[in-house]
Every structure is written in structure tokens, then in C-alpha cells.
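Every chain is numbered from 1 and lettered A, B, ... according to where its sequence line falls, protein lines coming before strand lines. Please read all numbers here as calculations on a predicted model, not as lab measurements.
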Amino acid sequence: MNSINKNSQEFSEGVTNWYLLNGRESLPWRRNVSGYKVWISEIMLQQTQVKTVIPFYKKFIKKYPNLESISSATEDDILALWSGLGFYRRAKNIYKSKEIIKKEYKNRFPRKFNELMLLPGIGRSTAGAIMSIAYKKSYPILDANVKRVISRYEKIDMSDKDVMKKLWMLSEFLTPINNIFEYTQGIMDLGATVCISRSPNCIQCPLNQSCKSAYETFDINKKIKKEKSKKKIYFTLAHSKKSFLLFKKNDKTFWESLWIPYDNQNLKKSNIFKEPYKSEVKNLNHALSHVDLDITIEIFDYKKPFKIETNLEHQWINKNQIDKFGLPKPIKSIIENYV
DNA sequence: AAAACGTGGGT
DNA sequence: TACCCAAGTTT
């Protein structure tokens with residue numbers, strides 16, 4: 001049994017002072033901070049690396065710099081800006097949340113932790129980040145960076161059943177009352193640049209005197225992972241010189257509410273397509289988090305759009321309007337060859 | 001409460 | 001190449 005370091009003050013001051021000298025001040029969401037902008041950035045950053053998020057965040061904020069500007073956006077508008085970022089439920093939750101904020105908070109972004117927690121897509125860590133970064137209130141967070149830093153600092157057994165509970169208690173204990181803005185950003189920056197996953201740079205770490213794992217080497221976590229399932233999908237992409245025929249995906253398995261080509265998955269004979277004047281077939285693999293997709297896509301060229309007999313939601317989308325729609329990455333990549 | 005949910009960075 | 005894993009939340 002190892003005892004917890006006595007003072008959390010040494011920890012938080014170490015983090016805060018380090019941040020003042022080494023913090024990543026240039027990150028786009030650290031300029032002109034607002035509750036709204038911290039919210040958008042925190043949602044984008046869930047399970048997604050900073051480097052990946054930056055261009056998406058900039059594009060998003062350029063179009064929707066504040067709550068007022070996003071208040072009349074449709075779900076499709078928001079999904080379009082999310083296209084290629086992944087975990088699309090996050091975009092759908094942003095849509096739902098801003099509708100709630102409009103109706104229940106007179107379109108003023110919530111300032112209270114409990115109010116934030118009620119919004120879809122905001123859990124304890126994201127609510128804590130908004131409270132501490134946007135409003136400078138002392139709330140703990142527990143993202144991947146904080147987990148790594150504090151679990152090493154106190155040498156927590158990560159295979160323990162209720163690590164999460166332990167880690168939250170520890171994060172709460174270590175989170176200071178003062179300088180909460182600097183501390184919260186600092187501990188994330190420290191985790192992202194010094195206390196990194198593979199080979200931490202302990203020599204540069206402000207906590208290397210009291211850290212219980214200082215100068216240790218870390219094995220990669222070998223988790224028992226179950227076999228990833230494979231799935232074959234067959235698409236038919238119809239297009240004319242000026243437009244693509246796309247369908248709105250309706251099932252929850254993946255890419256819900258995004259626009260995709262006609263799904264021929266069961267190889268059902270459909271007679272909704274006329275004979276194209278030209279066609280080709282492409283094949284590609286695409287890995288999702290839980291399924292490996294084997295995609296076969298037939299591409300039908302037509303002289304002009306034609307009427308489709310189906311109940312499925314669909315649209316002939318003008319090629320110069322394609323960026324107004326949310327498309328999954330591999331579909332977007334294919335389509336770009338025919339624009 | 002384990003599994004679902006996307007995509008790309010880094011080794 | 002293959003594999004881990006990333007500013008997590010929801011069901």
C-alpha cells in the first residue's frame with residue numbers, strides 16, 4: 001500500500017509554474033476564450049488529437065463564432081463541418097445542445113456545472129474543462145492526459161477494478177482552488193508534451209522530485225482485445241456531370257445521419273437505377289473503431305439525374321454543394337475523384 | 001457495464 | 001505492417 005503524497009499544493013504549483021513557461025499558448029481555442037468556444041473545442045477534442053482537431057476547429061469557429069450564429073443551423077449544417085473528423089454523434093449532440101440552450105437558457109451559454117452536465121455529449125470531464133477554462137472555477141477534469149500524469153505520479157494500479165473512481169478522487173484532490181485556468185491547461189499540456197505515453201521526458205518534468213514513477217520506462221499496455229469484426233458493404237454511386245445521388249444513412253451502427261451512396265448491402269436486386277452509359281467498380285478497406293469495412297462501390301455515370309422510386313431519404317446533390325453535406329471520410333475521398 | 005462510436009498520428 | 005491510442009460519453 002503506497003500512501004498518497006501529502007500535499008497537493010506542490011503538485012499543482014509545479015504544474016502551474018511549468019505552464020507559465022511552457023504552455024501551448026498558440027492553440028486556437030486559447031484565444032478569446034468563451035464558454036461556447038471551450039465547449040466546441042472540448043467536444044472536438046474528445047478521443048481526438050490536438051493536431052487533428054485544429055483545422056476542423058478553425059473552420060467551425062469561422063462559420064459559427066458564437067451561440068447566436070449557430071442557433072439557426074440545421075443538423076446537416078453541423079455534420080457538414082464535422083465531415084472527416086469522426087465520432088459523428090458529437091456533432092449531433094452539439095445540434096441537440098444548442099437547441100436546448102435556445103429553448104431553456106434564452107440562448108445564453110450555461111454557467112453552472114449541473115446545467116452543463118444536462119447537455120448531451122457533456123460528461124464530467126468536459127463540464128469540468130468548461131468550468132475551469134471558460135469560467136475559472138475549480139473543477140477537476142480527467143482526460144487521457146490527466147489520467148496518465150496523475151496515475152504515474154501516484155503509481156496507480158491501472159488494472160484495478162475501480163481505477164476510474166480512484167483517479168477522479170485523486171484528480172479532485174490535486175486540483176487547486178487558485179490559478180485553475182493555468183492548472184487545467186497546464187496538466188493537459190504536461191501530459192501531451194512531457195509525460196507522454198511511450199517514453200516520458202521525466203528530466204524536463206516539474207514533478208520529477210515527487211513523482212512515484214519518475215524515470216521509469218513504460219511498457220505498452222497489452223490489453224486483451226477481441227477480434228474486430230469484418231463487414232462487406234456494396235454501394236452504388238450514381239452521378240451525372242453536375243450532381244451525385246446520395247442517401248441519408250438511417251441506422252445507428254455507424255455514420256448515422258451522414259450522406260452515402262445507395263446501400264446495396266444485401267445485394268438485393270434493385271431496379272431503381274437505370275442503365276448507366278458508363279460504369280466502373282472500386283474496392284477499398286476502411287477501418288472503423290469496431291468494424292473493418294470492406295467496401296465495394298460501383299460508380300454509374302449518367303447523362304443527367306433521373307427520378308428515384310424509393311422511400312429512402314435521398315437527394316441529387318450538386319457537385320459544388322457537396323461540402324454542405326456530412327460525408328464519411330472514405331466516401332468523401334471517392335467522390336472527390338468525380339467532382 | 002462492456003461495447004459502441006471514426007479517423008489519423010506515431011512508432 | 002500493425003498496433004496503440006487520442007482533451008470521453010452514452011447506453
Side-chain angles (χ1 to χ4, degrees), chain A residues 23-24 27-30 37-57 79 82-94 96-97 116-134 139-149 158 161-165 167-168 171 183-193 195-199 218-229 231 249 251-258 260 284-293 295 326-333:
Chain A
R24 296 176 294 177
L27 297 176
W29 42 87
R30 292 191 177 170
K37 286 198 277 190
V38 176
W39 171 48
I40 299 298
S41 67
E42 288 299 326
I43 300 293
M44 284 189 169
L45 286 160
Q46 288 171 358
Q47 297 289 283
T48 312
Q49 294 184 178
V50 165
K51 190 171 182 180
T52 305
V53 166
I54 288 174
F56 286 88
Y57 176 81
L79 281 168
W82 218 266
S83 184
L85 187 56
F87 285 154
Y88 298 98
R89 213 159 38 193
R90 295 181 294 177
K92 292 164 69 71
N93 282 334
I94 286 179
K96 289 181 190 164
S97 293
L116 293 170
M117 286 292 284
L118 257 21
L119 298 174
I122 299 185
R124 186 177 178 187
S125 192
T126 299
I130 295 171
M131 290 308 291
S132 58
I133 297 169
Y139 283 85
I141 63 170
L142 192 58
D143 68 336
N145 293 306
V146 178
K147 267 185 207 167
R148 196 166 50 248
V149 173
M158 297 299 278
K161 277 190 186 58
D162 42 29
V163 247
M164 287 304 286
K165 193 180 173 189
L167 290 173
W168 268 114
S171 178
Y183 169 79
T184 301
Q185 315 239 43
I187 193 166
M188 289 193 283
D189 285 2
L190 189 65
T193 63
C195 193
I196 54 179
S197 181
R198 289 153 282 277
S199 46
F218 294 91
D219 294 330
I220 301 159
N221 276 341
K222 290 186 181 112
K223 288 178 187 160
I224 320 103
K225 52 170 188 183
K226 59 167 195 176
E227 188 88 352
K228 219 162 134 183
S229 61
K231 187 181 172 87
K249 198 165 188 298
D251 67 292
K252 288 184 170 341
T253 54
F254 53 89
W255 298 342
E256 188 186 10
S257 302
L258 300 190
I260 59 172
L284 62 146
N285 295 312
H286 182 81
L288 301 178
S289 54
H290 58 304
V291 190
D292 282 327
L293 263 27
I295 302 172
L327 310 190
K329 190 61 203 293
I331 302 304
K332 196 171 208 172
S333 304

How far, in whole Å, is [M] from [N] if one measures between their [atom1] atoms?
N: C:dA7; M: B:dA4; atom1: P; answer: 23 Å
N: C:dT10; M: B:dG8; atom1: C1'; answer: 23 Å
N: C:dT9; M: B:dG9; atom1: C1'; answer: 23 Å
N: C:dC4; M: B:dA3; atom1: P; answer: 16 Å
N: B:dA1; M: C:dG8; atom1: C1'; answer: 15 Å

Using atom [atom1] of [X] as one end and atom [atom2] of [N] as the other, report the distance to the nearest whole Å.
X: A:Leu258; N: B:dT7; atom1: CG; atom2: P; result: 8 Å
X: A:Glu256; N: B:dG6; atom1: CD; atom2: P; result: 9 Å
X: A:Leu116; N: C:dT9; atom1: CG; atom2: P; result: 12 Å
X: A:Glu42; N: C:dA6; atom1: CD; atom2: C1'; result: 13 Å
X: A:Leu288; N: B:dG8; atom1: CG; atom2: P; result: 11 Å
X: A:Lys228; N: C:dA2; atom1: NZ; atom2: C1'; result: 11 Å
X: A:Arg89; N: B:dA3; atom1: CZ; atom2: P; result: 15 Å
X: A:Gln49; N: C:dG8; atom1: CD; atom2: P; result: 10 Å

Using a 4.0 Å heavy-atom cut-off, does [X] contact any base of the nucleic acid, only the sugar-phosphate backbone, or nothing at all?
X: A:Phe254; result: sugar-phosphate
X: A:Arg148; result: sugar-phosphate
X: A:Trp82; result: nothing
X: A:Ala287; result: base
X: A:Gly84; result: sugar-phosphate
X: A:Ser41; result: nothing
X: A:Val50; result: base
X: A:Leu85; result: base

Counting only side-chain nitrogens and oxygens, does [X] get under 4.0 Å of the OP1 or OP2 atom of [N]?
X: A:Trp168; N: C:dG8; value: no
X: A:Lys51; N: B:dG8; value: no
X: A:Gln47; N: C:dG8; value: yes
X: A:Lys147; N: C:dA6; value: no

When you check the side-chain N and O atoms of A:Ser171 and A:Arg124, is any donor under 3.5 Å from an acceptor?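 The criterion, which ignores hydrogens and geometry beyond distance, is not satisfied for A:Arg124 and A:Ser171.
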Are A:Lys249 and A:Ser257 linked by a side-chain donor-acceptor pair shorter than 3.5 Å? no
Of the candidate nucleotides [options], which contains the atom at the shortest distance from the side chain of [X]?
X: A:Ala144; options: C:dA6, C:dT9, B:dG6; value: C:dA6
X: A:Thr52; options: B:dG8, B:dA4, B:dG6; value: B:dG8
X: A:His286; options: B:dG6, C:dA7, B:dT7; value: B:dT7
X: A:Arg90; options: C:dG8, B:dG6, C:dC5; value: B:dG6
X: A:Ser125; options: B:dG6, B:dG9, C:dG8; value: C:dG8
X: A:Asp143; options: B:dT7, C:dG8, B:dG6; value: C:dG8
X: A:Met188; options: B:dT7, B:dG9, C:dA7; value: C:dA7
X: A:Arg198; options: C:dG8, B:dT11, C:dA7; value: B:dT11
X: A:Pro328; options: B:dG6, B:dT7, C:dC5; value: B:dT7

Decide side-chain contact (heavy atoms from CB on, under 4.5 Å) for A:Tyr57 and A:Met44; before the verdict, give the C-alpha distance in whole Å, the side-chain angles of both, and the deciding distance to 0.1 Å. CA-CA 7 Å; A:Tyr57 176 81; A:Met44 284 189 169; 3.9 Å; yes
Heavy-atom distance under 4.5 Å between the side chains of A:Phe56 and A:Ser41, does that happen here? no
A:Gly121 or A:Gly191: which one's nearest nucleotide on DNA chain C is closer to the 5' end? A:Gly191
For salt bridge (Lys or Arg N to Asp or Glu O under 4.0 Å), just list the numbers for A:Asp143 and A:Arg148, CA-CA rounded to whole Å, side-chain angles, deciding distance to a tenth of an Å, and then say yes or no. CA-CA 9 Å; A:Asp143 68 336; A:Arg148 196 166 50 248; over 6 Å; no
Please lay out, stage by stage, how A:Asn93 and A:Leu119 fare under the test side-chain contact (heavy atoms from CB on, under 4.5 Å). CA-CA 8 Å; A:Asn93 282 334; A:Leu119 298 174; over 6 Å; no
Within the modelled atom types, does a donor on one side and an acceptor on the other bring the side chain of A:Thr48 and the base of B:dG6 under 3.5 Å apart? yes
Check the pair A:Arg30, A:Gln185 against side-chain hydrogen bond (donor to acceptor under 3.5 Å, both in side chains), reporting the backbone distance first and the verdict last. CA-CA 9 Å; A:Arg30 292 191 177 170; A:Gln185 315 239 43; 2.5 Å; yes
Chi angles and distances behind the side-chain contact (heavy atoms from CB on, under 4.5 Å) call for A:Leu327, A:Leu258: CA-CA 5 Å; A:Leu327 310 190; A:Leu258 300 190; over 6 Å; no
